Chemist: 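Shown below is the structure under consideration.
Source: prediction; values computed, not measured.
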Amino acid sequence: QRPKTAIICGSGLGGLADVLDNKTIFPCEDIPHFPRSTVAGHIGRLVFGDLSGQPCVCMQGRFHYYEGYSVSTVTFPIRVFFLLGVEILIVTNAAGGLNPHFQVGDIMFIRDHISMLGLGGQNPLRGPNDERFGVRFPCMSDAYEQDLLSLAMESAQELGFLSFVREGVYCLQAGPSYETIAECRALHALGGDAVGMSTVPEVIVARHCGLRVLGISLITNKAVMNYNSQEKANHEEVLAGELQLILELGKPLHPNAWVCIPLPS
Ligand SMILES: O=P(O)(O)O[C@@H]1C[C@H](O)[C@@H](CO)O1
Ligand SMILES: Nc1nc2[nH]cnc2c(=O)[nH]1
């Protein structure tokens, strides 16, 4: 059975695929033209299986621009999902919290994004438009579907997760270095609630080919906004934060949470 839903697992979130039943696993290196995952916390394989009886595919390990791939290469899997018949993309990531009200362990449903890469000219759709996938000038004001966002919020409410579920704007910067204090302040002043190094190119390509998108950021660290702070962003904290989130914080990524995320019938 072909998957109707694709889930991209962010840094350290590969364990999401464990909730699938009847798994069939393909290492990315065995799939023609797929990039290789080079980042700790990104295994690099596609896991097909059933989620609440519905066929899904989980990408355990994504590709990032900072690994040296172009923005269009990092989005190659999205078009594969589209050609497989996927209709909904659930895209997850680890992110630093810019919003001072956000705490480590919070979940942020993505309402919108600001792409420093995109505004700087690195858009995955740059170049000749392939009409088989979508139009030349796709709209992005509805990139994160309101209906999916509302359903996700309702699910969070039903599960009693509202104390750590937020909604906000995800900012993409190229990485791999984390942000300076001035950059964090600037991104927050621009309207950003969280900052990361992925997701946006995937969402742009997904929307281009008409996939419905739900974006979820896990706040794994608070962005450093103050010169007196001793905090220093690091990838170990990012990975450890997510494990802690799964194990200790009400299990928002527990199977029960995922079965409540709306899947196409
Ligand atoms: O793949 P995601 O966006 O979850 O990973 C974030 C961004 C960097 O890859 C890494 C930095 O710690 O985490
Ligand atoms: N750019 C960026 N990516 C992250 N991924 C997890 N935390 C962070 C962060 O603070 N900044």
Side-chain angles (χ1 to χ4, degrees), residues 2-3 5-20 23-49 56-86 89-96 115-118 120-127 130 133 170 172-178 195-206 208-209 211 213 215-218 220 233-243 246 253:
R2 287 170 178 246
T5 302
I7 300 170
I8 298 184
C9 304
S11 279
L13 284 169
L16 287 173
D18 295 343
V19 305
L20 299 186
K23 292 193 255 305
T24 307
I25 298 174
F26 297 92
C28 289
E29 63 216 39
D30 292 350
I31 307 173
H33 308 298
F34 248 66
R36 301 285 149 86
S37 185
T38 67
V39 186
H42 291 265
I43 304 175
R45 56 190 200 173
L46 292 189
V47 182
F48 290 79
C56 279
V57 55
C58 268
M59 189 162 95
Q60 274 184 324
R62 63 145 58 83
F63 312 104
H64 305 84
Y65 177 76
Y66 65 74
E67 293 174 78
Y69 297 122
S70 69
V71 271
S72 49
T73 300
V74 303
T75 61
F76 178 77
I78 305 297
R79 287 189 166 172
V80 173
F81 295 152
F82 169 69
L83 293 172
L84 281 172
V86 164
L89 177 70
I90 299 175
V91 62
T92 71
N93 61 57
S115 172
M116 302 315 284
L117 271 179
Q122 294 283 338
N123 189 303
L125 302 176
R126 181 172 176 270
D130 189 334
F133 292 99
Y170 176 87
L172 165 68
Q173 67 102 341
S177 52
Y178 292 103
V195 58
M197 306 176 193
S198 69
T199 300
V200 171
E202 297 155 357
V203 171
I204 291 173
V205 169
H208 180 240
C209 62
L211 302 190
V213 173
I216 307 175
S217 295
L218 296 179
T220 53
N234 62 86
H235 192 54
E236 290 68 35
E237 177 190 38
V238 167
L239 298 181
E242 287 166 332
L243 279 179
I246 293 165
L253 296 174

Chemist: Please report the closest heavy-atom contact between Ser198 and Tyr170, naming both atoms and the distance.
Modeler: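 Ser198 and Tyr170 have their closest heavy atoms at N-OH, 3.1 Å.
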Chemist: Hey, does the side chain of Tyr66 reach the backbone of Gln173 with a donor-acceptor pair shorter than 3.5 angstrom?
Modeler: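 No.
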Chemist: Among all residues two or more places apart in sequence or in another chain, which pass the side chain to side chain donor-acceptor pair (under 3.5 Å) test with Ser177?
Modeler: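 Partners of Ser177 under the side chain to side chain donor-acceptor pair (under 3.5 Å) test: none.
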Chemist: Residues two or more places apart in sequence or in another chain: which of them pass ring pair (Phe, Tyr, Trp, His ring centres under 6.0 Å) with Phe82?
Modeler: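 Checked Phe82 against ring pair (Phe, Tyr, Trp, His ring centres under 6.0 Å); matches are Phe133.
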Chemist: Which heavy atom in Arg62 sits nearest to a heavy atom in Thr92, and how many Å separate them?
Modeler: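 Closest heavy-atom pair between Arg62 and Thr92: NH2-O, 2.9 Å.
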Chemist: For His208, give me all partners under ring pair (Phe, Tyr, Trp, His ring centres under 6.0 Å), at least two apart in sequence or on another chain.
Modeler: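 His208 satisfies ring pair (Phe, Tyr, Trp, His ring centres under 6.0 Å) with no other residue.
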Chemist: Considering residues at least two apart in sequence or located in another chain, which fulfil the ring pair (Phe, Tyr, Trp, His ring centres under 6.0 Å) criterion with Phe48?
Modeler: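 So Phe48 forms a ring pair (Phe, Tyr, Trp, His ring centres under 6.0 Å) with Phe26.
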Chemist: Rounded to the nearest 0.5 Å, what separates atom CD1 in Ile78 from atom CE in Met59?
Modeler: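 Ile78 atom CD1 to Met59 atom CE measures 6.0 Å (nearest 0.5 Å).
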Chemist: Is there side-chain contact between Ile216 and Ile90, with at least one heavy-atom pair below 4.5 Å?
Modeler: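 In short, these two side chains touch, coming nearer than 4.5 Å.
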Chemist: Quick one: side chain to side chain contact (heavy atoms under 4.5 Å, CB included) partners of Val74, sequence neighbours excluded?
Modeler: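 Side chain to side chain contact (heavy atoms under 4.5 Å, CB included) check on Val74 returns Phe63, Tyr69, Pro201.
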Chemist: Determine the minimum heavy-atom distance between Ala174 and Leu117, stating which atoms define it.
Modeler: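 Reported closest heavy-atom pair: CB-CD2, 3.9 Å.
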Chemist: Please collect all salt bridge (charged side-chain N to carboxylate O under 4.0 Å, His left out) contacts where either partner lies in residues 67-83, sequence neighbours excluded, each pair once.
Modeler: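 Residue pairs passing salt bridge (charged side-chain N to carboxylate O under 4.0 Å, His left out), neighbours aside: none found.
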Chemist: Any salt bridge (charged side-chain N to carboxylate O under 4.0 Å, His left out) involving residues 26-43? Give me the pairs, sequence neighbours left out, ordered by first then second residue.
Modeler: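 Sorted pair list comes back empty.
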Chemist: Give, for atom CG of Asn123 and atom OG of Ser115, the distance between the pair rounded to the nearest 0.5 Å.
Modeler: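 Spacing of CG (Asn123) from OG (Ser115) equals 7.5 Å.
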Chemist: Would you give the length of the straight line joining atom CG of Leu89 to atom CD of Glu202, rounded to the nearest 0.5 angstrom?
Modeler: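 Reported value, rounded in 0.5 Å steps: 7.0 Å.
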Chemist: Ser37: what forms a side chain to side chain donor-acceptor pair (under 3.5 Å) with it, not counting sequence neighbours?
Modeler: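 Here no residue qualifies.
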Chemist: Tell me, please, which residues at least two apart from Phe76 pass ring pair (Phe, Tyr, Trp, His ring centres under 6.0 Å).
Modeler: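 Once residues adjacent in sequence are excluded, the partners of Phe76 under the ring pair (Phe, Tyr, Trp, His ring centres under 6.0 Å) criterion are Phe34.
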Chemist: Just to verify, what does Ala17 make a side chain to side chain contact (heavy atoms under 4.5 Å, CB included) with, not counting sequence neighbours?
Modeler: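 Checked Ala17 against side chain to side chain contact (heavy atoms under 4.5 Å, CB included); matches are Val47, Cys58, Gln60.
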Chemist: So, taking the atom named CG in Leu46 and the one named CD1 in Ile25, what distance separates them when rounded to the nearest 0.5 Å?
Modeler: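 Going from the CG atom of Leu46 to the CD1 atom of Ile25 covers 10.5 Å.
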Chemist: Taking atom types as modelled, find out whether Thr199 and Asn93 have a side-chain donor-acceptor pair closer than 3.5 angstrom.
Modeler: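 Asn93 and Thr199 do have a side-chain donor-acceptor pair below 3.5 Å.
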Chemist: Working to the nearest 0.5 angstrom, can you tell me the gap between Cys56 SG and Ile7 CD1?
Modeler: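 If we round to the nearest 0.5 Å, Cys56:SG and Ile7:CD1 are 5.0 Å apart.
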Chemist: State, to 0.1 Å, how close Tyr65 and Ser70 come at their nearest heavy-atom pair, and which atoms those are.
Modeler: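 So the minimum-distance heavy-atom pair works out to CD1-C, 4.3 Å.
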Chemist: Not counting sequence neighbours, which residues clear side chain to side chain donor-acceptor pair (under 3.5 Å) with Asn234? List them please.
Modeler: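 For Asn234, no residue satisfies side chain to side chain donor-acceptor pair (under 3.5 Å) once neighbours in sequence are set aside.
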Chemist: Which residues pass the side chain to side chain donor-acceptor pair (under 3.5 Å) test with Thr75, sequence neighbours left out?
Modeler: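 So Thr75 forms no side chain to side chain donor-acceptor pair (under 3.5 Å) with any residue.
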Chemist: Tell me, do His235 and Val39 make a side-chain contact under 4.5 Å, heavy atoms counted?
Modeler: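 When only atoms from C-beta onward are counted, Val39 and His235 do touch, with a gap below 4.5 Å.
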